[in-house]
K.L.:
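Here it is, the structure in full.
Along the sequence shown, residues are numbered consecutively beginning with 1.
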Amino acid sequence: MKKGQVYEATVERVDFPNKGAAQTGEGTVIVKNSLPGQRIKLSVNKIRNGKAEGRLLEVLEKSPLETGSPCSLFGICGGCTYLSLPYEEQLKIKENQVKRLLNGCLSRQKEPWRWEGIKGSPEIYGYRNKMEFTFGDEVKDGPLTLGMHRRGSFYDVVTVGDCRIVDEDYRLILRTVLDYFGDQDVGYYHRLRHEGYLRHLVVRKASGTGEILVALVTTSQDPWGEDFCAEAPGKSMCEGNSFSGEAGETSGEGTSGKKPAALPGRPKEGHAANERLIEGFRECLLELERSGRLKGSFAGILHIINDSAADIVQCDRMDILYGKDYFYEELLGLRFRISVFSFFQTNTYGAEILYETVREYVEQAGKDSGRRAGTEAEDRGNGRKGGIVYDLYSGTGTIAQMMAPAAEKVIGVEIVEEAVQAAVRNAAENGLHNCEFIAGDVLKVLDTIEEKPDLIILDPPRDGIHPKALPKIIAYGVEHIIYISCKPTSLVRDLEILLQAGYVVERAVTVDQFPWTANVETVCQLSRKTDSRLSAAAGGRTESCCD
């Protein structure tokens with residue numbers, strides 16, 4: 001097998017996240033974005049350490065499992081991977097991917113562990129509660145588009161007008177905004193030239209109440225590229241990637257019920273045209289609600305200025321055009337205040353399954369430790385609660401608040417300061433007074449917390465736990481750890497170190513939070529075995545990382 005060779009092959013399986021194992025007459029080639037059972041044509045583009053990777057050239061025969069797709073852009077848009085398969089087949093693929101990884105990692109574990117399969121999402125279409133759409137074009141110098149990046153492309157953007165992982169309100173808002181700015185002949189922000197106006201459209205919708213937040217993200221440049229465009233304004237309401245003010249409801253004009261002042265350096269006629277453009281954007285959205293075409297209702301319509309060169313949604317300034325900059329979402333009896341930038345699980349229905357699973361794992365760990373982690377009445381009868389719980393990488397404190405009724409105290413650690421502020425606010429509004437949230441890097445914050453944990457919950461970002469933080473976590477010697485992972489390859493890497501340190505996996509389950517995509521959540525319950533093994537494995541490593 002040589003680089004550049006073309007083969008016809010059959011895909012035997014798909015490994016996480018989307019790596020198809022295609023069998024040729026000369027060996028296996030890994031081909032992304034292929035499906036089990038497909039007959040494909042591929043080109044080998046890399047051979048390293050005896051392993052070959054290839055590029056999908058053509059699907060010669062569909063998989064017998066494929067039953068069609070409800071989206072015209074499947075395979076073109078980079079969002080969905082398994083949309084052409086029945087949902088039950090997708091669940092089998094994801095379950096097998098995670099179990100295969102765990103089996104390889106835990107084959108050296110002497111103690112038995114229990115695999116508890118996969119839990120599907122209660123809703124498989126229209127489940128997402130947040131989308132970040134990008135303005136651009138599908139072909140160079142083509143008409144304005146609004147949607148997602150074309151698969152494998154940094155520049156091309158395809159309009160996802162019939163996307164099925166969001167509900168009809170998202171699709172209606174997308175089409176309305178695209179038509180409006182297209183009619184106004186407004187250009188998008190070019191990522192290479194750093195010129196242009198339209199950047200993103202962020203839409204969030206509360207699954208419980210149907211309230212909708214819409215944020216138009218633009219640069220401070222002139223919408224039509226005229227020479228009188230303004231200099232980027234200084235930060236006035238936002239810090240970093242999030243809105244830091246506490247703006248309330250407005251009459252619909254500017255951030256305080258007044259029309260915003262002209263930007264520095266811009267002639268009055270330029271500012272007036274820009275203001276009319278933004279007012280028109282607001283009105284075309286509100287007309288959807290007034291006409292009854294919108295199923296939900298607008299909680300707020302926002303205009304965010306972002307002059308960063310990076311292709312991310314962040315805020316230099318925010319104007320509230322209508323309503324407010326947040327709504328409330330309910331999850332397992334708790335209320336959470338959600339802004340445009342708040343971290344919150346994108347599948348509210350699936351999040352309830354995930355957090356119920358985590359709570360059950362924590363309760364079982366408490367019982368295994370000789371403590372009860374049931375209802376508050378049981379705790380009072382037992383004379384104590386479930387000790388000190390660390391929720392590391394806590395985000396907006398959702399898991400911490402779920403665990404608070406069964407714990408003596410929950411300490412959450414999160415590096416994003418705005419998320420910590422939201423966690424503190426939400427815990428207070430939910431009447432939970434035994435939660436403490438600390439802003440900072442887990443690696444550094446662990447050295448400053450005086451109270452030692454009885455149980456640790458880990459919910460790290462996709463890349464897993466920092467290699468220098470993991471020995472510090474191990475050194476606490478807690479009897480149980482609950483690990484929640486959105487990337488199973490990172491999970492098994494961290495499990496290898498935990499196993500060496502004397503922990504064993506007792507049970508594991510997968511939860512499908514992201515139907516039709518390649519992503520999946522996994523929950524593992526670990527327990528500590530002999531102290532001698534833990535001390536020998538963790539002691540030296542902890543000392544070196546703290547130097």
K.L.:
Before accepting this row, confirm whether a basic side-chain N of the pair D162/R171 lies closer than 4.0 Å to the acidic partner's carboxylate O.
P.N.:
no
K.L.:
When rounded to the nearest 0.5 angstrom, what is the spacing between CG in L83 and OG1 in T517?
P.N.:
10.5 Å
K.L.:
Please confirm whether the backbone N or O of D307 pairs with a side-chain atom of D316, one donor and one acceptor, at under 3.5 Å?
P.N.:
yes
K.L.:
Could you check whether any side-chain N or O of R164 sits under 3.5 Å from a backbone N or O of S69, counting only pairs where one atom can act as donor and the other as acceptor?
P.N.:
no
K.L.:
Just by distance, do the side chain of Y355 and the backbone of L331 share a donor-acceptor pair under 3.5 Å?
P.N.:
no
K.L.:
When you measure from the side chain of T159 to the backbone N and O of L146, does any donor-acceptor pair fall under 3.5 Å?
P.N.:
yes
K.L.:
Decide if atom CZ of R48 counts as having more than 12 heavy atoms of other residues, nucleotides or ligands within a radius under 6.0 Å.
P.N.:
no
K.L.:
Indicate the atoms forming the closest heavy-atom contact of F135 with R191, along with that distance.
P.N.:
O-NH2, 3.3 Å
K.L.:
Can you tell me how far SG of C524 sits from CD1 of I481, rounded to the nearest 0.5 angstrom?
P.N.:
11.0 Å
K.L.:
Would R204 and S339 satisfy side-chain contact (heavy atoms from CB on, under 4.5 Å), going step by step from the backbone distance to the final call?
P.N.:
CA-CA 9 Å; R204 301 194 81 143; S339 71; 5.8 Å; no
K.L.:
Is the shortest side-chain heavy-atom distance between V416 and F343 below 4.5 Å?
P.N.:
no
K.L.:
Side-chain contact test, heavy atoms from C-beta onward, threshold under 4.5 Å: evaluate it for L443 versus K472 and give yes or no.
P.N.:
yes
K.L.:
Please name all residues satisfying side chain to side chain contact (heavy atoms under 4.5 Å, CB included) with C163, sequence neighbours left out, ordered by chain then number.
P.N.:
V160, I165, V166
K.L.:
Heavy-atom distance under 4.5 Å between the side chains of Y483 and D494, does that happen here?
P.N.:
yes
K.L.:
Which atom pair, heavy atoms only, marks the closest approach of D141 to D137?
P.N.:
N-OD2, 3.3 Å
K.L.:
For K130, is there any backbone N or O sitting under 3.5 Å from a side-chain donor or acceptor partner on R128?
P.N.:
yes
K.L.:
State whether the side chain of E414 and the backbone N or O of G440 hold a donor-acceptor pair below 3.5 Å, judged by distance alone.
P.N.:
no
K.L.:
First locate atom CZ of R493, then atom OG of S485, and finally report the distance between them rounded to the nearest 0.5 Å.
P.N.:
9.5 Å
K.L.:
For the backbone of C435 and the side chain of K409, can you confirm whether one donor and one acceptor N or O come within less than 3.5 Å of each other?
P.N.:
no
K.L.:
Do F341 and M318 touch side chain to side chain, with heavy atoms closer than 4.5 Å?
P.N.:
yes
K.L.:
Run the side-chain contact (heavy atoms from CB on, under 4.5 Å) check on R282 and L286 step by step: do they pass?
P.N.:
CA-CA 6 Å; R282 179 191 67 200; L286 291 177; 3.9 Å; yes
K.L.:
Would you name the heavy atoms of E132 and V202 that are closest together and state the gap between them?
P.N.:
CG-CG2, 4.1 Å
K.L.:
How many angstroms lie between OG1 in T398 and CG in L334, if you round to the nearest 0.5 Å?
P.N.:
9.0 Å
K.L.:
Test side-chain contact (heavy atoms from CB on, under 4.5 Å) on V442 and Y393 and set out the steps.
P.N.:
CA-CA 7 Å; V442 167; Y393 311 95; 3.7 Å; yes
K.L.:
Within 45 degrees of the axis of the six-membered ring of Y189 and under 6.0 Å from its centre: does R199 put its NZ or CZ there?
P.N.:
yes
K.L.:
Shortest non-hydrogen contact from V214 to L285?
P.N.:
CG1-CD1, 3.8 Å
K.L.:
Indicate yes or no: at least one non-hydrogen side-chain atom of L216 is less than 4.5 angstrom from one of L302.
P.N.:
no
K.L.:
Evaluate side-chain contact (heavy atoms from CB on, under 4.5 Å) for V177 paired with F181, printing each intermediate quantity in order.
P.N.:
CA-CA 6 Å; V177 172; F181 284 111; 3.7 Å; yes
K.L.:
Closer than 3.5 angstrom, by distance alone: can the side chain of S490 be matched with the main-chain N or O of R462 as a donor-acceptor pair?
P.N.:
yes
K.L.:
Kindly compute the distance separating CD1 (I212) from CD1 (I301), expressed to the nearest 0.5 Å.
P.N.:
9.5 Å
K.L.:
Does a salt bridge link E168 with K295, judged by any charged N lying under 4.0 Å from a carboxylate O?
P.N.:
no
K.L.:
Tell me whether D222 contacts the main-chain N or O of W224 through its side chain, where contact means a donor paired with an acceptor under 3.5 Å.
P.N.:
yes
K.L.:
List the atom of F514, the atom of N519, and the distance in Å for their closest heavy-atom pair.
P.N.:
CD1-CB, 3.5 Å
K.L.:
Return each pair, listed once, that meets side chain to side chain donor-acceptor pair (under 3.5 Å) where at least one residue sits in residues 142-154; pairs must be two or more places apart or across chains.
P.N.:
E138-R150
K.L.:
Check whether any side-chain heavy atom of L392 sits under 4.5 Å from a side-chain heavy atom of P460, and report yes or no.
P.N.:
no
K.L.:
Is any side-chain heavy atom of E275 closer than 4.5 Å to one of I278?
P.N.:
no
K.L.:
Once ring-ring contact (aromatic ring centres under 6.0 Å, His included) is applied, do any residues pair with Y390, and if so which ones, sequence neighbours excluded?
P.N.:
Y476
K.L.:
Apply salt bridge (charged side-chain N to carboxylate O under 4.0 Å, His left out) to K487 and E521, showing your working.
P.N.:
CA-CA 7 Å; K487 186 178 181 182; E521 297 270 358; over 6 Å; no
K.L.:
Would N347 and S121 count as having a side-chain donor-acceptor pair, cut-off 3.5 Å?
P.N.:
yes
K.L.:
Applying ring-ring contact (aromatic ring centres under 6.0 Å, His included), run through W516 and F74 and close with a yes or a no.
P.N.:
CA-CA 10 Å; W516 314 117; F74 175 63; 9.1 Å; no
K.L.:
Counting only heavy atoms not in E287, do more than 12 fall under 6.0 Å of its CD?
P.N.:
yes
K.L.:
Give a yes or no on whether a salt bridge exists between D512 and K119, defined as a side-chain N under 4.0 angstrom from a carboxylate O.
P.N.:
no
K.L.:
Looking just at side-chain N and O atoms, do Q345 and Q513 make a donor-acceptor pair shorter than 3.5 Å?
P.N.:
yes
K.L.:
Name the orientation class of the two ring planes belonging to H303 and Y197 (parallel below 30°, tilted from 30 to 60°, perpendicular beyond 60°).
P.N.:
tilted
K.L.:
For residues L213 and V203, determine if any side-chain heavy atom of one lies less than 4.5 Å from a side-chain heavy atom of the other.
P.N.:
no
K.L.:
Is any NZ, NE, NH1 or NH2 atom of the basic residue among R276 and E279 found under 4.0 Å from an Asp or Glu carboxylate oxygen of the other?
P.N.:
no
K.L.:
Counting neighbours of CZ on R175 that are heavy atoms of other residues, nucleotides or ligands and sit closer than 6.0 Å, is the number greater than 12?
P.N.:
yes
K.L.:
Which heavy-atom pair separates L91 from G120 by the least distance, and what is that distance?
P.N.:
CD2-CA, 4.1 Å
K.L.:
Are the side chain of Q221 and the backbone of G196 linked by a donor-acceptor contact shorter than 3.5 Å?
P.N.:
yes
K.L.:
Looking at CG of N129 and OG1 of T348, how far apart are the two atoms once the value is rounded to the nearest 0.5 Å?
P.N.:
4.0 Å
